[in-house]
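Notes follow once the structure below has been shown.
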Amino acid sequence: MGKPVRSGAIHRLSVREVLNASAGDHHDGGGLLLRIRDDVAGVPAQVSFVFRYTAVTGKRREMGVGRCERHNVQAAGASLTRAREAAAAARAMLVEVPPRDPIGERDRAKHEVRRALAQAEADRAQSRQTVARVARAYHERVIESKRSAKHGREWIASLERLVPTTVWHAPVAEVTGPALLDALTDLYTRVPVTASRVRQRLDAVFAEAMFRGLCTSNPAAAIRRKVAEARVKATVSSHRALPYADVPDFVRALRTQPGIAARALEFALLTAARTGEVIGATWAEIDETAAVWTVPATRMKGGEEHRVPLTDRALEIVTEMRKTGGLYVFPNPRKLRLPLSNMAFLMLLDRMDWRSRTTVHGVCRSTFSTWANELSVARPDVIEACLAHREG
């Protein structure tokens, strides 16, 4: 530890002496000195203040405490004052219990400043990584390169359209499970199946963000169980099922409707099939002799071949449709080489004035499921097989 310095032994230099000093070391006392280096090869002289002391380890050390400006008396005086204040602070550290090394403290302070600046920059960079930005980057790199163009468009469009802006434009690191659950509750209430897809896609987005160090948790995965516990998906409204007691009335009304769309919808009801499976049916899939419709795996949602037995009425519809001469079983009436439009069923329900009471999915599949399960017409696994649902 350096020896205490008497107050009279410091502040030896006057401002005028600082201003006019020549090359060399000029002591101000208490370890502070003015150091002036000669000009070297046209380089102006270096003039600075240095604090010299004995460290707690016993080693002699020197610490720069600032440049000395000497272009006028005021500048020289200000430089001297600043240097004395820095030297006083350093001397105070040396007499503390335990003592501190001024150079170590200065280096530590610089390190803290650098660390704080780096953290601030990291925070700014992280705040720029919103859910939207991460989702679009993931979509471009993974989804577009591995999925069909149609699926890729639907994937990102569903997030852009349905994720509330409070989440979509929030920094990915700041979205919490409770906040995400609150944001998606209304979507689960209105369109539970779509909401489930959105949550699954957000799950992939947050997993990507975690992998890249942009966040530390995956709120989309965390809310999966909470969604099930809340049973928000039970309030289905988008696929309104028609009470099965009303199906005969619906079918009677349907059979009064002319056109291919009416026959296709009745066929969908008789086979409990999805809209896309029916309107995309080709003649190669129909075996009228065996009375079986075989939908290939490539056209099934679950990716597995689906065999559907055909009732007498379903075969009558198939026979009637052969007269159209279309490439598809249910062709577009205006362009026989194309399939029926997927909007044809909705327009038909509008014409029949039944759209307020049910949906295509509701009357063809949900009603079938309710009827079959409530009346126990088959084992649950058989009913699920009829609907081409994968067993869990």
Side-chain angles (χ1 to χ4, degrees), residues 1-130 133 171-174 212-216:
M1 182 187 306
K3 296 180 179 180
V5 181
R6 299 189 306 274
S7 61
I10 62 175
H11 300 180
R12 295 175 180 175
L13 295 174
S14 67
V15 175
R16 184 64 60 180
E17 288 174 328
V18 170
L19 189 63
N20 298 322
S22 58
D25 288 347
H26 305 270
H27 294 268
D28 187 52
L32 179 64
L33 58 90
L34 172 66
R35 176 168 290 167
I36 302 175
R37 299 299 188 196
D38 288 328
D39 296 353
V40 178
V43 178
Q46 296 180 357
V47 184
S48 60
F49 287 100
V50 175
F51 179 66
R52 181 182 292 165
Y53 67 97
T54 302
V56 294
T57 61
K59 181 180 179 180
R60 293 286 288 173
R61 307 194 73 179
E62 290 186 351
M63 179 177 71
V65 289
R67 290 174 55 84
C68 180
E69 304 293 342
R70 300 200 303 167
H71 46 274
N72 57 45
V73 173
Q74 290 76 16
S79 296
L80 180 59
T81 298
R82 288 193 296 269
R84 285 171 173 172
E85 291 173 349
R91 285 192 290 269
M93 293 181 192
L94 290 168
V95 298
E96 288 180 2
V97 180
R100 292 182 292 153
D101 188 301
I103 291 178
E105 292 300 312
R106 181 194 62 186
D107 292 346
R108 188 177 299 108
K110 288 181 178 179
H111 173 74
E112 287 299 317
V113 169
R114 288 194 294 269
R115 188 194 63 78
L117 291 175
Q119 184 61 50
E121 178 58 31
D123 291 343
R124 285 193 294 271
Q126 194 172 64
S127 68
R128 292 192 293 268
Q129 292 297 330
T130 62
R133 181 167 292 185
V172 70
E174 296 180 9
R212 299 192 177 278
L214 302 177
C215 64
T216 58

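All values below come from the heavy atoms of this structure, side chains included, with hydrogens, waters and symmetry mates left out.
Closest approach of L13 to D28, counting heavy atoms only: N-OD1, 2.8 Å. Between E69 and S79, the shortest heavy-atom contact is N-OG, 3.0 Å. Across all their heavy atoms, V73 and V15 have their closest contact at O-CG1, 3.6 Å. Residues P102 and L94 approach most closely at CD-CD2, 3.9 Å, considering heavy atoms. Smallest separation of non-hydrogen atoms from A21 and H26: CB-NE2, 3.7 Å. Minimum interatomic distance between I36 and S22 (heavy atoms only, all atoms of both residues): CD1-O, 3.2 Å.
We find that R82 and E85 are not joined by a salt bridge, their nearest charged nitrogen and carboxylate oxygen being 4.0 Å or further apart. Salt-bridge check for R61 with D101: passed, with a basic side-chain N closer than 4.0 Å to an acidic carboxylate O. Salt bridge annotation for D25-R35: present, with a cationic side-chain nitrogen under 4.0 angstrom from a carboxylate oxygen.
Annotation: the span from L34 atom CG to L19 atom CG amounts to 10.5 Å, rounded to 0.5 Å. Atom CD of E105 and atom CE of M93 lie 5.5 Å apart (nearest 0.5 Å). Expressed to the nearest 0.5 Å, how far CZ of R115 lies from NE2 of H111 amounts to 7.0 Å.
Proximity of R100 to V56: side-chain heavy atoms (C-beta onward) are nowhere separated by under 4.5 Å. Contact of the L80 side chain with the R84 side chain is registered, since non-hydrogen atoms from C-beta on lie closer than 4.5 Å.
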Steps toward side-chain contact (heavy atoms from CB on, under 4.5 Å) verdict (M63, V50): CA-CA 6 Å; M63 179 177 71; V50 175; over 6 Å; no

Please evaluate residues V65 and L32 with respect to the criterion side-chain contact (heavy atoms from CB on, under 4.5 Å), reporting the C-alpha separation (whole Å), side-chain torsions for both, the decisive distance (0.1 Å), and the verdict. CA-CA 9 Å; V65 289; L32 179 64; 3.8 Å; yes

Apply side-chain hydrogen bond (donor to acceptor under 3.5 Å, both in side chains) to the pair T54 and R60, showing each step before the final yes or no. CA-CA 4 Å; T54 302; R60 293 286 288 173; 3.1 Å; yes

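A distance of 6.0 Å or more separates the ring centres of F51 and F49.
Other residues, nucleotides and ligands contribute at most 12 non-hydrogen atoms within 6.0 Å of the CZ atom of R16.
Judged purely by atom type and a 3.5 angstrom limit, R70 uses its side chain to pair as donor or acceptor with the backbone of V18.
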